[in-house]
Amino acid sequence: MTGVLRLPTWDSLDESRFLQRVRPSDWSNPLPRSPYDLLIIGAGPAGLEAADEAVRLGASVALVERNRLGGNSLNVGSIPSKSIIRASRLRAAVRDAEEFSATTTEAMRMDYGVVLARMHRIRARIAEYHSAERLREKGIDLYFGQAHFSSPTLLRVGDVSLAFRKALIATGARPRKADIKGIDNIDYRTSTTIFDMDQLPKRMVVIGGGPLGCELAQAFCKLGSDVSIVEANPKFLPLEERDAAEVLSRSMARDGVTIRLNTTVTAARTENGIKVLETVNAGVKDRIETGEILLSVGRAPNVETLALEMAGIAFTTGNGIGVDSNFRTSNPNTYAAGDVCSPLKFVNVARASARVAVRHALLDEAATTQTALAPWCTYCDPEIAHIGLHIWDARAQNIPVTTYTVMMQDIDRAITDGEDTGFIKIHLQHGTDRILGASIVATNASEIINEMAVIMSAGIGMNQLSSMLHTYPSRSEGFALAALTFVRDARLREPTV
Ligand SMILES: Cc1cc2nc3c(=O)[nH]c(=O)nc-3n(C[C@H](O)[C@H](O)[C@H](O)COP(=O)(O)OP(=O)(O)OC[C@H]3O[C@@H](n4cnc5c(N)ncnc54)[C@H](O)[C@@H]3O)c2cc1C
């Protein structure tokens with residue numbers, strides 16, 4: 001040993017291994033078997049899950065992918081973003097290390113190339129499970145190429161026509177365009193291209209304060225970029241309650257993100273090589289100069305290039321393909337799953353909807369999985385997770401609600417860890433112990449929420465929850481504390497003799 005620390009660097013071997021798994025350069029499409037029991041368009045989480053489920057059921061399966069296996073999640077979504085977020089959290093932990101007596105004498109050295117190299121290694125590793133070779137070994141006919149319908153029972157991929165008994169559309173979604181004057185005349189990034197940058201930008205503006213915008217704004221700021229985030233609404237995260245979004249605003253501001261709420265970007269241009277955004281806030285005009293722009297204003301379903309009208313499949317460009325509770329489209333032999341048809345654009349929903357669709361298509365089995373009961377999480381610091389109804393959903397359904405909130409500053413484990421920002425909130429149907437939904441703002445909320453997914457799926461109410469023991473100290477003990485409070489409140493309301 002020489003004592004020289006060798007940092008891992010970008011390894012082109014990882015990248016070529018990755019490409020060999022997700023899009024082999026020497027791949028020959030198979031000869032078509034006709035008709036396929038199930039033909040799947042799109043090999044993201046939904047398409048891959050569907051293919052697995054269908055071959056397990058003994059069906060002949062074709063899977064068509066125009067780009068790379070793994071879809072958004074593996075290539076440009078969950079996996080790359082969570083790898084980068086992990087690195088950014090470590091850097092922030094070193095920044096905050098003094099509280100734990102680990103004094104740092106100089107700013108932590110940061111090599112974005114190493115962060116990227118790690119992300120590439122992780123992606124290559126995860127790609128192995130669904131590699132092209134593995135799919136072939138499982139007996140799935142994998143075609144690379146752009147697919148479109150030429151009739152209600154035929155799909156065209158390049159020069160080849162594939163006949164099917166049943167088809168599943170799992171073509172996902174892409175970043176939505178923004179109505180900003182001049183934006184198409186300048187270079188900007190979206191979630192699809194943000195991880196192609198080989199250097200950390202000095203300055204970056206994120207347009208859009210949804211989950212992806214917030215996650216990436218905070219991560220790049222923690223990594224060392226000077227980040228601003230611009231959101232037209234008065235709060236971030238449209239799917240979350242106001243107090244959850246406010247905790248996030250404060251935590252991003254503490255990290256150094258410049259926050260511009262109630263602010264609309266009206267125009268974009270380049271001046272002397274610098275990108276300039278014009279903004280308006282309450283009638284006051286301003287401008288922001290930056291090196292990089294990340295546009296993150298929502299996701300649009302991939303429906304346009306499929307010639308869906310040839311197969312009699314109803315869709316809209318805004319909401320994607322219309323489906324029933326078994327994910328069947330208006331053509332009774334075709335189904336859709338994942339981001340192309342779901343308002344909740346998450347991997348767990350994509351996979352679950354694919355399983356439901358396949359089992360209905362091949363076995364005529366009605367849906368038992370409740371995709372509406374999907375937990376989700378925004379991986380900021382603290383994490384923000386939710387399941388079930390929000391207050392506004394309950395109001396829309398005329399369900400009266402009582403809410404129990406436990407603050408993280410009252411939970412011993414959050415205090416011992418020095419991570420006592422946030423809360424656990426449980427919404428109940430008023431006058432009953434029935435849980436309608438829950439929100440968690442906390443470190444590791446993405447893990448804690450899964451307990452609530454089990455509780456709600458099993459139909460466990462607050463009375464039963466109050467008698468379930470939790471490890472001490474733990475953040476999820478907040479569920480038990482909320483349930484105990486509920487039970488004590490109920491006893492106080494009981495008539496005394
Ligand atoms: C930056 C980012 C971070 C994210 N983080 C998370 C997270 O932490 N957790 C989470 O649950 N979700 C996350 N998501 C969302 C998640 O990636 C998607 O919900 C998921 O990928 C949807 O899966 P899907 O199979 O429906 O579609 P996709 O993953 O989009 O796959 C669709 C596939 O279809 C192919 N395709 C499209 N049209 C055609 C055609 N005509 N012919 C052939 N092939 C076609 C595409 O090339 C693509 O490979 C994130 C997304 C982004 C962008």
Side-chain angles (χ1 to χ4, degrees), residues 17-30 32-33 36-57 59-80 123-149 155-158 160 162 164 166-174 191-192 299 301-303 305-306 308 320-321 327 334-342 345-358 361-362:
R17 198 178 293 138
F18 173 64
L19 289 175
Q20 187 57 28
R21 288 172 181 165
V22 296
R23 182 85 196 226
S25 55
D26 53 355
W27 187 260
S28 305
N29 283 344
R33 291 184 263 165
Y36 286 101
D37 294 330
L38 185 69
L39 198 158
I40 302 162
I41 313 167
L48 290 168
E49 185 77 6
D52 260 359
E53 185 79 10
V55 281
R56 258 191 228 121
L57 295 174
S60 62
V61 180
L63 177 61
V64 188
E65 170 56 51
R66 68 176 174 190
N67 193 0
R68 294 175 178 179
L69 300 178
N72 271 320
S73 176
L74 176 68
N75 290 283
V76 295
S78 337
I79 300 302
R123 230 173 35 166
R125 175 174 166 189
I126 293 177
E128 190 183 2
Y129 183 72
H130 280 304
S131 70
E133 201 42 54
R134 279 218 182 158
L135 294 176
R136 177 153 57 193
E137 282 164 12
K138 284 181 187 172
I140 295 163
D141 280 1
L142 174 61
Y143 295 83
F144 282 106
Q146 169 104 16
H148 66 268
F149 289 93
L155 193 83
R156 194 95 183 139
V157 182
V160 179
L162 303 177
F164 60 85
K166 298 282 165 67
L168 175 75
I169 303 159
T171 48
R174 63 184 185 282
S191 59
T192 310
R299 306 197 48 83
N302 290 324
V303 285
T305 60
L306 289 163
L308 293 169
I321 297 176
F327 296 91
T334 66
Y335 292 74
D339 284 8
V340 75
C341 64
S342 174
K345 299 198 185 322
F346 299 108
V347 169
N348 53 358
V349 177
R351 290 183 176 150
S353 57
R355 286 192 299 272
V356 170
V358 169
L362 301 179

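Values below: every heavy atom of this structure, side chains too, minus hydrogens, waters and symmetry copies. Positions are given from 1, in the same order as the sequence printed here.
- Of all heavy-atom pairs spanning R68 and R23, the tightest one is CG-CB, 4.2 Å.
- Interatomic distance, NZ of K166 versus OG1 of T334, reported as 10.0 Å (0.5 Å rounding).
- Pairing each heavy atom of A127 with each of V22, the nearest pair is CB-CG1, 3.8 Å.
- Judged by distance alone, the side chain of R123 and the main-chain N or O of N75 form a donor-acceptor pair under 3.5 Å.
- Put simply, the side chain of V64 reaches to within 4.5 Å of the side chain of L162, judged on heavy atoms.
- Shown here for S73 and P45, the closest heavy-atom pair between the two residues is CB-CG, 3.6 Å.
- Of the inter-residue distances, the one linking L69 atom CG with R134 atom CZ reads 13.0 Å to the nearest 0.5 angstrom.
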>> Between N29 and F144, does the side-chain contact (heavy atoms from CB on, under 4.5 Å) criterion hold? Intermediate values first, please.
In response: CA-CA 7 Å; N29 283 344; F144 282 106; 4.2 Å; yes
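- The two residues V55 and K138 make their nearest non-hydrogen contact at CG1-O, 4.0 Å.
- A distance-only check finds no donor-acceptor pair linking the side chain of R17 to the backbone of A124 [under 3.5 Å].
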>> For a side-chain contact (heavy atoms from CB on, under 4.5 Å) check, start with the C-alpha distance between D52 and H130, then their side-chain angles and the critical distance, and finish with the verdict.
In response: CA-CA 10 Å; D52 260 359; H130 280 304; 3.3 Å; yes
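- Using modelled atom types, no side-chain atom of R136 and backbone atom of L142 make a donor-acceptor pair closer than 3.5 Å.
- Summarising the geometry, atom CG belonging to L308 is positioned 5.0 Å from atom CD1 belonging to I321; distances are rounded to the nearest 0.5 Å.
- Nearest approach of L362 to A59, heavy atoms of both residues: CD1-CB, 3.7 Å.
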>> Could you walk me through whether T171 and L306 satisfy the side-chain contact (heavy atoms from CB on, under 4.5 Å) test, starting with their C-alpha distance in whole Å, then the side-chain angles of each, then the deciding distance to 0.1 Å, before giving a yes or no?
In response: CA-CA 9 Å; T171 48; L306 289 163; 3.8 Å; yes
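- Summarising the local packing, CZ of R125 is surrounded by 12 or fewer heavy atoms from other residues, nucleotides or ligands at distances under 6.0 Å.
- Here the straight-line distance linking atom CD of E128 with atom CZ of R21 works out to 4.0 Å at 0.5 Å rounding.
- Listed for the N72 side chain is no donor-acceptor partner under 3.5 Å among the backbone atoms of G77.
- The list of side chain to side chain donor-acceptor pair (under 3.5 Å) pairs with a residue in residues 349-358, not counting sequence neighbours, reads E49-R355.
- Residue Y143 holds its OH atom at 8.0 Å from CG of L39, rounded to the nearest 0.5 Å.
- Residues L38 and F164 have side chains not in contact (no heavy-atom distance under 4.5 Å, counting atoms from C-beta outward).
- Nearest heavy atom pair, residue R299 against residue S191, reads NH1-OG, 3.4 Å.
- Tested against L48 for a side chain to side chain contact (heavy atoms under 4.5 Å, CB included), the candidates I140, L63, L74 yield a single pass: L63.
- Between the CD1 atom in I41 and the CZ atom in F149 there is a gap of 4.0 Å [rounded to 0.5 Å].
- Between the side chain of S60 and the main chain of D37, a donor-acceptor pair closer than 3.5 Å is present.
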